[in-house]
Amino acid sequence: MGKRSTQLTMKDIARQMGTSVSTVSRALKDSPRISPERRAEIQAFAREHNFIPNALAGTLRHSKVEPQKTIGVVVPEIVHYYFASIISGIEEKASAEGFLVMVNQSCESYEREVTLCNNFYKYKVCGLIVVQAKDTKKYAHFTQYVENDMPIVFCDRICTGVDASRVVVDDYIGAYNAVSHLIETGCKRIAFFGSQQSLEIFKNRFNGWKDAMLRHGLKADSNLVYECDTMEEAERITPMILEGDDHPDAIFAVNDDTAIGALYATKQKGFRVPDDIAICGFTNSNRSTACDPMLTTVEQRGHVMGMEAADILISQVKGTLSIEKVEKRVVRTQLIVRGSTL
């Protein structure tokens with residue numbers, strides 16, 4: 001499990017005093033909503049146990065004279081088109097509001113993600129925006145923000161183990177519409193290239209594929225499902241699944257890089273795209289128009305997602321949106337039809 005801070009948290013105080021975190025927070029801020037007796041009791045307990053609140057986060061939310069405002073951002077990769085789009089949206093919104101942005105990449109590593117989140121917490125950023133790593137299954141490095149009244153917003157890959165604000169795309173609808181389009185062009189055996197179902201985005205895209213197949217009277221054959229979500233894996237797997245007469249007549253991939261890897265491997269095997277096999281991706285990256293044929297894909301709108309995530313976090317820092325409210329926003333996708341499925 002990730003290393004927890006040894007500092008007493010408001011959640012610890014609440015648990016030991018048999019009350020809620022919000023009550024502890026209000027008592028430590030001298031809120032009149034808490035009785036004087038209860039306020040004094042909680043404040044005395046905090047003093048006795050050397051509780052040190054995160055002063056920067058509170059100051060940024062309540063002071064009109066604000067110190068330097070810095071948002072921490074953790075993404076799996078900085079050079080990836082989609083994550084770069086999210087960063088661009090965060091930076092645009094933050095800059096307009098007078099905030100600075102510090103970005104680090106986890107490289108899809110849980111251990112590195114823990115270190116980055118703990119460092120941002122130690123350096124007292126006013127809030128954190130995270131696209132979590134694929135293998136993250138423990139959440140102590142996230143919960144320290146919630147427990148200490150600091151804003152944290154999940155973007156794209158949400159963390160179901162932490163009750164915090166999040167911005168996602170309508171992954172299910174995007175996948176359902178894409179697979180329905182493939183079926184409407186005549187495809188019947190549509191392979192799904194995805195990743196581990198522990199991540200909500202991949203689970204939702206898988207369910208979109210499955211439901212589109214079933215609702216159009218086709219079999220959602222488990223033999224058509226492949227764990228494959230990178231260009232390299234697609235280039236390795238695709239030639240194998242194209243062997244034999246019963247191969248897929250279409251491939252739906254959870255991201256553009258995987259779809260482009262499948263496209264390249266399919267052409268290398270001598271198949272024509274889309275005449276023999278149709279291919280569809282998910283992102284609408286700049287690579288989707290640089291391949292031949294150009295890729296049909298789902299527009300994911302990463303820039304908009306980044307702006308929405310920054311808007312939530314900045315609003316919570318300023319106090320115009322309650323940090324106790326879990327804000328959930330959905331960015332709508334759009335199917336972009338190009339030569340790969342015409």
Side-chain angles (χ1 to χ4, degrees), residues 76-77 79-85 108 134 171 174-196 201-202 205-206 208-210 212-213 216 218-302 333-342:
E77 298 177 61
V79 298
H80 190 286
Y81 172 86
Y82 178 58
F83 300 133
S85 298
E108 297 287 14
K134 286 180 187 176
D171 293 294
Y176 182 91
N177 290 340
V179 176
S180 294
H181 167 74
L182 291 170
I183 295 170
E184 288 160 6
T185 62
C187 301
K188 297 184 182 302
R189 286 182 53 77
I190 304 170
F192 176 82
F193 281 15
S195 187
Q196 52 191 300
I201 61 168
F202 295 131
R205 292 175 197 178
F206 169 79
W209 167 82
K210 180 181 70 174
M213 296 286 282
H216 285 84
L218 300 175
K219 183 180 179 182
D221 191 342
S222 60
N223 292 324
L224 293 172
V225 179
Y226 299 90
E227 188 166 318
C228 171
D229 70 341
T230 67
M231 182 180 294
E232 294 75 19
E233 289 174 347
E235 289 181 10
R236 179 179 60 84
I237 289 174
T238 303
M240 294 186 290
I241 73 170
L242 294 180
E243 298 291 344
D245 296 330
D246 199 28
H247 60 72
D249 56 12
I251 296 171
F252 171 64
V254 293
N255 58 54
D256 282 358
D257 282 357
T258 302
I260 292 168
L263 173 62
Y264 175 78
T266 298
K267 292 171 65 178
Q268 288 292 104
K269 287 284 289 183
F271 290 86
R272 297 169 300 165
V273 179
D275 297 332
D276 299 324
I277 298 177
I279 296 175
C280 181
F282 204 115
T283 302
N284 195 29
S285 64
N286 49 12
R287 292 184 182 182
S288 66
T289 56
C291 53
D292 181 28
M294 291 190 293
L295 188 67
T296 288
T297 184
V298 178
E299 168 63 64
Q300 204 168 351
R301 303 176 69 198
T333 56
Q334 179 183 358
L335 181 64
I336 309 296
V337 178
R338 300 193 180 103
S340 57
T341 62
L342 291 177

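Along the sequence shown, residues carry numbers from 1. Basis for what follows: all heavy atoms, side chains included, without hydrogens, waters or symmetry-related copies.
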Which value, rounded to the nearest 0.5 Å, describes the distance between Phe282 atom CZ and Asp171 atom CG? 5.0 Å
Sorted by chain and number, sequence neighbours left out, side-chain hydrogen bond (donor to acceptor under 3.5 Å, both in side chains) with Asn177 holds for none
When you measure from the centre of the six-membered ring of Tyr81, is the NZ or CZ of Arg287 closer than 6.0 Å and no more than 45° off the axis? no
Asp229 (side chain) donor-acceptor with Gly194 (main chain) under 3.5 angstrom: no
Before giving the answer on side-chain contact (heavy atoms from CB on, under 4.5 Å), spell out for Gln300 and Asn255 the whole-Å C-alpha distance, their side-chain angles and the decisive distance to 0.1 Å. CA-CA 10 Å; Gln300 204 168 351; Asn255 58 54; over 6 Å; no
Trp209 side chain to Val225 main-chain N or O, any donor-acceptor pair under 3.5 Å? no
Strictly distance-based, threshold 3.5 Å: is any side-chain N or O of Asp249 a donor or acceptor partner for the main-chain N or O of Lys188? yes
Side chain Thr296, main chain Cys280, donor-acceptor under 3.5 Å: no
For Phe271, which residues count as a ring pair (Phe, Tyr, Trp, His ring centres under 6.0 Å) partner, sequence neighbours excluded? His247
Can you check whether Ala212's main-chain N or O pairs, donor with acceptor, with Ser180's side chain at less than 3.5 Å? no
dist Leu218:CG -> His216:NE2 (nearest 0.5 Å) comes out at 8.0 Å
Could you walk me through whether Asp292 and Lys267 pass the side-chain contact (heavy atoms from CB on, under 4.5 Å) test, one step at a time? CA-CA 10 Å; Asp292 181 28; Lys267 292 171 65 178; 4.0 Å; yes
Using side-chain contact (heavy atoms from CB on, under 4.5 Å), reason through Ile241 and Phe193 one step at a time and then give a plain yes or no. CA-CA 11 Å; Ile241 73 170; Phe193 281 15; 3.6 Å; yes
Test ring pair (Phe, Tyr, Trp, His ring centres under 6.0 Å) applied to Tyr82 - qualifying residues, sequence neighbours left out: none
Where Phe252 and Arg205 come nearest, the two heavy atoms and their spacing: CE2-O, 4.3 Å
Would you confirm whether Ser288, through its side chain, and Ser285, through its main-chain N or O, come within 3.5 Å as a donor-acceptor pair? yes
Can you tell me how far OG1 of Thr283 sits from CG of Asp257, rounded to the nearest 0.5 angstrom? 7.5 Å
For Ala262 and Ala234 the tightest heavy-atom approach is N-CB, 3.6 Å
Donor-acceptor contact below 3.5 Å, side chain Glu299 vs main chain Arg301: yes
In the structure I gave you, are the side-chain heavy atoms of Met213 and Ile183 within less than 4.5 Å of one another anywhere? yes
Quick one: closest heavy-atom pair of Glu227 and Glu233, and the distance? O-OE1, 4.3 Å
Can you see which heavy atom on Phe192 is nearest to which on Phe202, and at what distance? CZ-O, 4.2 Å
Short side-chain to backbone donor-acceptor contact, Thr258 and Thr230, under 3.5 Å: yes
Any heavy-atom pair between the side chains of Ile251 and Tyr226 that's under 4.5 Å? no
For the residue pair Val273 and Pro293, establish whether any side-chain heavy-atom pair is separated by less than 4.5 Å. yes
Within a radius of less than 6.0 Å around NZ of Lys269, do more than 12 heavy atoms belonging to other residues, nucleotides or ligands occur? yes
Kindly compute the distance separating CZ (Arg189) from CG (Leu224), expressed to the nearest 0.5 Å. 4.5 Å
Donor + acceptor pair across side chains of His181, Thr341 (<3.5 Å): yes
Any chance the side chains of Arg338 and Asn284 put a donor and an acceptor closer than 3.5 Å? yes
Might you point out which heavy atoms bring Glu235 and Gly261 nearest each other, and give the distance in Å? CG-O, 3.6 Å
At their closest point, which heavy atom of Leu295 faces which heavy atom of Ile260, and how far apart are they? CD2-CG1, 4.1 Å
